[in-house]
Each structure stands twice: as structure tokens, then as C-alpha cells.
**Student:** 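Have a look at this one.
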Number of protein chains: 2
Amino acid sequence: MVNDPMSLSHKFLPDCLEIRVVLFTIHQGHLQVLLVSNQENGWQLPGGKILANLSLEKTAADCVRKITGERQTYLEQLYTYGDVSNDKETRLISIIYFALIPDATIPQTIDGFEHKWFPVSTFPVIEPAQAEVIPYALRRLRYKIEYSAVGFELLPAVFTLTDLQHTYEIILGESLDKRNFRRRILEAGVIEPTSARKQGEGRPAQLFRYRPDAVAEVKARRLFP
Amino acid sequence: MVNDPMSLSHKFLPDCLEIRVVLFTIHQGHLQVLLVSNQENGWQLPGGKILANLSLEKTAADCVRKITGERQTYLEQLYTYGDVSNDKETRLISIIYFALIPDATIPQTIDGFEHKWFPVSTFPVIEPAQAEVIPYALRRLRYKIEYSAVGFELLPAVFTLTDLQHTYEIILGESLDKRNFRRRILEAGVIEPTSARKQGEGRPAQLFRYRPDAVAEVKARRLFP
DNA sequence: GCAAAAGTGTTACAGTTACACCCATGG
DNA sequence: CCATGGGTGTAACTGTAACACTTTTGC
């Protein structure tokens with residue numbers, strides 16, 4: 001179903017256009033962003049050329065799929081950069097997407113390039129336009145988590161309320177009240193209990209799943225403080 | 001300062017790229033969007049080719065300036081469309097901006113093309129991607145007016161509180177309480193009274209101006225109901 | 001039986017909404 | 001003096017934030 005980007009039969013659009021993806025996950029208790037090492041140019045956002053026969057969104061989705069395997073991901077367009085280069089003769093237009101995936105191990109190298117997670121607070125020096133877009137993506141994520149259901153995209157299919165609360169706390173960078181959090185998330189009706197429980201230290205926790213039939217944009221303006 | 005797009009010395013980027021602008025104003029008590037008639041293709045969003053030596057934002061700003069004269073405008077990037085055309089061989093990528101101007105008369109024809117305002121609720125049939133982006137721009141405007149100060153961009157330099165309230169009402173499509181509106185807008189500290197008053201029927205009204213030093217994003221999450 | 005994490009309601013407070021009358025001017 | 005639009009404060013209500021103890025399991 002997905003076209004192979006390497007197939008000879010596909011035309012590329014001019015070199016002045018590319019897709020980049022700001023890919024977030026929660027890993028080791030921190031929100032992290034994926035960067036790719038391209039020897040001569042240092043670290044960069046993952047991305048690639050735009051194929052003439054593939055929509056922008058599909059191109060970005062393929063880019064993420066290549067990194068994560070066949071996993072479904074949350075994806076939205078973030079911004080299009082098109083700064084004029086110094087020589088005033090060439091320019092590169094980058095259409096930047098924003099993606100979220102649950103914590104997962106990813107291959108260390110893909111197509112010979114090193115891939116690595118970096119905490120959003122401390123990522124290495126990268127191209128200025130790309131460095132600028134990461135905090136913007138984070139702002140959008142923080143903003144969005146309050147009035148929509150994107151938080152679930154960072155969790156596995158089933159999760160405990162405590163897991164979910166931790167996710168929110170990591171993204172928002174503040175701690176939340178357990179009782180208020182639970183009341184609101186349950187009242188919003190976006191998750192439902194499964195029959196399973198999670199065993200571990202202490203009392204076993206009810207496992208929940210996201211209700212895919214729930215409206216994408218939660219009615220409440222602000223789901224969490 | 002602004003480069004003449006017709007100058008021969010400027011290179012164009014490939015034909016697959018264009019800028020389009022969703023330009024709103026409030027005119028005759030309605031929120032209206034500007035469309036340009038291009039004989040064979042019918043009505044379209046104003047826009048044009050992207051010049052190699054001009055940033056995307058400047059290109060969009062020039063496009064608006066050509067329509068409105070030298071007036072300063074509010075401008076922000078909205079979305080990039082890049083749908084694949086039916087023949088799977090060509091495609092057009094449109095970087096779409098969103099602009100606001102105060103009510104003003106604009107030339108009926110520019111460069112030989114007819115320009116016309118259409119109420120956002122009843123605009124003619126246009127290209128599907130463009131038709132889709134207008135309601136999106138409206139949603140963004142409605143959303144944004146509640147937590148930022150974009151409302152002022154649709155008004156002249158000085159205005160009465162009643163003018164301002166009408167602007168909000170037209171955009172939001174609902175009527176607002178006069179006392180609550182005034183209290184909030186004044187508490188937000190984004191406008192200040194001028195020494196002038198507006199004469200007319202009834203009691204003269206205090207004229208206000210936007211405080212350009214006010215923070216762009218008002219602290220309050222939600223400025224108006 | 002104790003350590004560890006899960007689960008559960010109520011009260012105080014703050015922000016929002018609803019609402020009606022007097023004021024200044026022009027004709 | 002009347003018609004027109006401008007300008008002003010308070011009380012009820014609704015939603016939000018703060019807060020501590022009991023329950024279930026494994027060891």
C-alpha cells in the first residue's frame with residue numbers, strides 16, 4: 001500500500017523542498033525528540049524529499065513509519081519554513097510535521113544513519129530553523145494536551161491512570177492533583193476501563209484504554225490545569 | 001525596500017509552489033474574505049509565485065500590500081497544502097497565510113483581475129483545497145480572538161468600545177454582554193483611552209487605541225466567553 | 001503486619017455570568 | 001425635552017483548586 005520511496009518510477013519534486021518531522025516520545029521519564037546524525041551536517045530532524053506522487057502527510061507518515069516500524073502514529077502539520085539562504089540564489093523549503101509515539105525502542109541506525117532520542121530540554125546544536133521549531137512543537141503539544149486527547153498517543157494501548165497522569169506531568173512540567181486529574185479525565189469520557197489490572201508493587205491498578213470513538217477534540221476548553 | 005516582483009533579476013522557484021492568502025476584513029457588518037477572479041479558473045484566493053530571494057512571510061505580506069496599499073497587516077502562516085493531482089505526475093504546493101485588515105475600500109481590479117469581498121458564510125465555489133482552508137482560517141480566528149489581541153487588527157487605529165465589541169460579536173457569531181466585555185478588555189490592559197471622543201448620535205464615545213507595548217498573547221486563557 | 005501504590009469526596013474560593021439604570025449629547 | 005447611544009456595579013452561581021485517609025496487594 002505504501003509506495004517504496006526508492007522505486008525508480010517515482011518522480012521527485014525539485015530539491016528545494018523537504019519534509020521534516022519533530023518526533024516526540026516519553027522515554028526514561030522525559031519528553032524526548034528524535035534526531036538523526038548525518039555525518040557532515042551533524043544532528044538533524046528526521047525527514048526527506050517529497051515524492052511527487054505522495055501527499056505531504058503520507059510522506060511524513062512514511063518517514064515516521066520507517067523509524068518506528070508499522071506502528072500507527074499521531075501526526076499533524078506544524079509549520080513551513082522557507083528562509084532565504086545567504087547567497088540569495090538558493091533556498092530550502094521545509095514542511096515540518098509533528099508526531100507522537102509511545103515509548104519504544106527504535107533501531108539505532110536506519111539506512112546507515114544514527115538515530116537518537118534527546119530530552120527536549122537539552123538537545124544538541126542543529127540547524128537554526130530546526131532548533132527553533134522544537135520549542136514551538138513543545139508549546140503546541142502543551143497547549144493541545146489541555147483541550148484534546150493527544151496525551152494518549154504517548155502511551156501504550158492500555159495504561160493505568162497513574163501512567164496517564166505521569167505523562168501529563170512530564171509534558172506540562174508540573175505536578176497535578178491525583179483526585180482532580182482522575183475526576184476530570186473520567187468525566188471527559190475519553191477512556192474506559194478494561195477488564196485487566198496491572199500487577200506490581202502495592203495494590204494492582206485498573207488498566208484503561210483510550211476510546212477511539214471519543215470525539216477527537218474534547219469539548220472542555222481546558223481539560224487540565 | 002520591497003523588491004519588485006516583476007524585476008528580471010529575480011529567479012522564481014519552480015512552478016509547483018505558490019503562496020495564497022486568506023484575507024479577512026469586517027465590511028458592512030459581516031466578516032468577509034477576499035477572492036480574485038481569474039477568468040478561466042473562476043474565483044481564487046489571492047496569491048502568487050514564490051520568489052527565490054524573498055522569505056515566505058514577506059512574499060505573503062507583499063501580496064496583501066498590493067491589495068491594500070502600504071497598510072501594515074496582521075499575518076500568520078495557516079497551512080501548507082500539497083495534494084497530489086489526478087494524473088499523479090504534477091502537483092501544486094500552496095503555502096497558505098492568514099491576514100486581517102481593517103475595513104477599507106480596495107481597488108476593484110488589480111493587474112486586470114477583479115477583487116471582491118465575500119461574506120465567509122456565502123462565498124462562491126472555488127478550488128476544493130482553498131474552500132477547505134477558509135473555514136479553517138475562520139476557526140483559527142475565532143479561537144485566537146479569545147486569548148490574544150488579534151481583534152484590534154480588524155479595526156482602525158482608534159475605535160470605541162462599542163466598535164470593538166461589535167467586531168468580537170461578528171467574529172464569534174454571538175452577542176456579548178456590554179458590561180462584562182468592557183470590564184474584561186480593560187482589565188486585560190491591551191487598550192488605552194485617547195484624549196479624543198467620537199461624536200455622533202447620542203452621547204459621544206471615548207476613543208481607545210491598542211497598546212502596541214501590550215504583550216501579544218494576553219495572559220488570560222480566555223478573554224471572552 | 002508492613003511497605004507500596006491505588007483509589008476515593010468535600011469544602012473553600014475564584015472567576016464567570018446575568019442583569020437595569022443613569023448620563024451626555026444633538027436635534 | 002426627547003431620542004440615541006455611552007457608560008457603570010453587584011449578587012448568584014458555577015467551575016476550579018486544595019486537601020488526607022482507606023484499600024488492596026506482595027513480601
**Student:** Which nucleotide wins on minimum distance to the side chain of A:N180, given the candidates C:dC19, D:dT8, C:dG9?
**Tutor:** C:dG9

**Student:** What is the distance, to the nearest angstrom, from the CG atom on A:D177 to the C1' atom on C:dT11?
**Tutor:** 14 Å

**Student:** Is any side-chain heavy atom of A:I95 closer than 4.5 Å to one of A:T59?
**Tutor:** no

**Student:** In whole angstrom, what separates A:L207's CG from C:dA6's P?
**Tutor:** 11 Å

**Student:** Would you please classify the geometry between the A:F159 ring and the A:F152 ring as parallel, tilted or perpendicular, with 30° and 60° separating the classes?
**Tutor:** tilted

**Student:** For residues 191-202 of chain B, which side-chain donor-acceptor pairs fall under 3.5 Å, sequence neighbours excluded?
**Tutor:**
unit_1	atom_1	unit_2	atom_2	d
B:E192	OE2	B:R209	NH1	2.9
B:T194	OG1	B:A196	N	3.2
B:T194	OG1	B:L207	O	3.0

**Student:** Assess whether a salt bridge exists between B:R20 and B:E18, defined as any Lys/Arg side-chain N lying under 4.0 Å from an Asp/Glu carboxylate O.
**Tutor:** yes

**Student:** Nucleotides 24-27 of chain D: which of its N/O atoms have a protein N/O under 3.5 Å away?
**Tutor:**
unit_1	atom_1	unit_2	atom_2	d
D:dT24	O2	A:R203	N	3.4

**Student:** So which heavy atom on A:Y97 is nearest to which on A:E57, and how close?
**Tutor:** OH-N, 3.4 Å

**Student:** Taking only side-chain N and O atoms of B:R179, does any of them lie within less than 4.0 angstrom of OP1 or OP2 on D:dG7?
**Tutor:** no

**Student:** Round to a whole Å and report the spacing from CZ of B:R183 to P of D:dT10.
**Tutor:** 11 Å

**Student:** Do the rings of A:H27 and A:W117 sit parallel, tilted or perpendicular, given the 30° and 60° boundaries?
**Tutor:** tilted

**Student:** Does B:Y147 have its ring centroid less than 6.0 Å away from the ring centroid of A:Y143?
**Tutor:** yes

**Student:** Can you tell me how far P of D:dG6 sits from CD of B:Q206, to the nearest Å?
**Tutor:** 12 Å

**Student:** Relative to each other, are the rings of B:Y136 and B:Y79 parallel, tilted or perpendicular (30° and 60° limits)?
**Tutor:** perpendicular

**Student:** Please report the distance, rounded to the nearest Å, between CZ in A:F181 and C1' in C:dG7.
**Tutor:** 14 Å

**Student:** Just how far, in rounded Å, is P of C:dT8 from CZ of A:R184?
**Tutor:** 17 Å

**Student:** How close or far is atom P of C:dT17 from atom CD of B:E187, stated in whole angstroms?
**Tutor:** 13 Å

**Student:** Pairs under 3.5 angstrom, nitrogen or oxygen only, protein versus nucleotides 13-15 of chain D, please.
**Tutor:**
none

**Student:** If you round to the nearest 0.5 Å, how far is CZ of A:R182 from CG of A:L161?
**Tutor:** 4.5 Å

**Student:** Base, sugar-phosphate alone, or nothing: which one does A:T160 contact when heavy atoms must sit under 4.0 Å apart?
**Tutor:** nothing

**Student:** Starting from P on D:dG7, measure out to CG on B:L186 and report it in whole angstrom.
**Tutor:** 10 Å

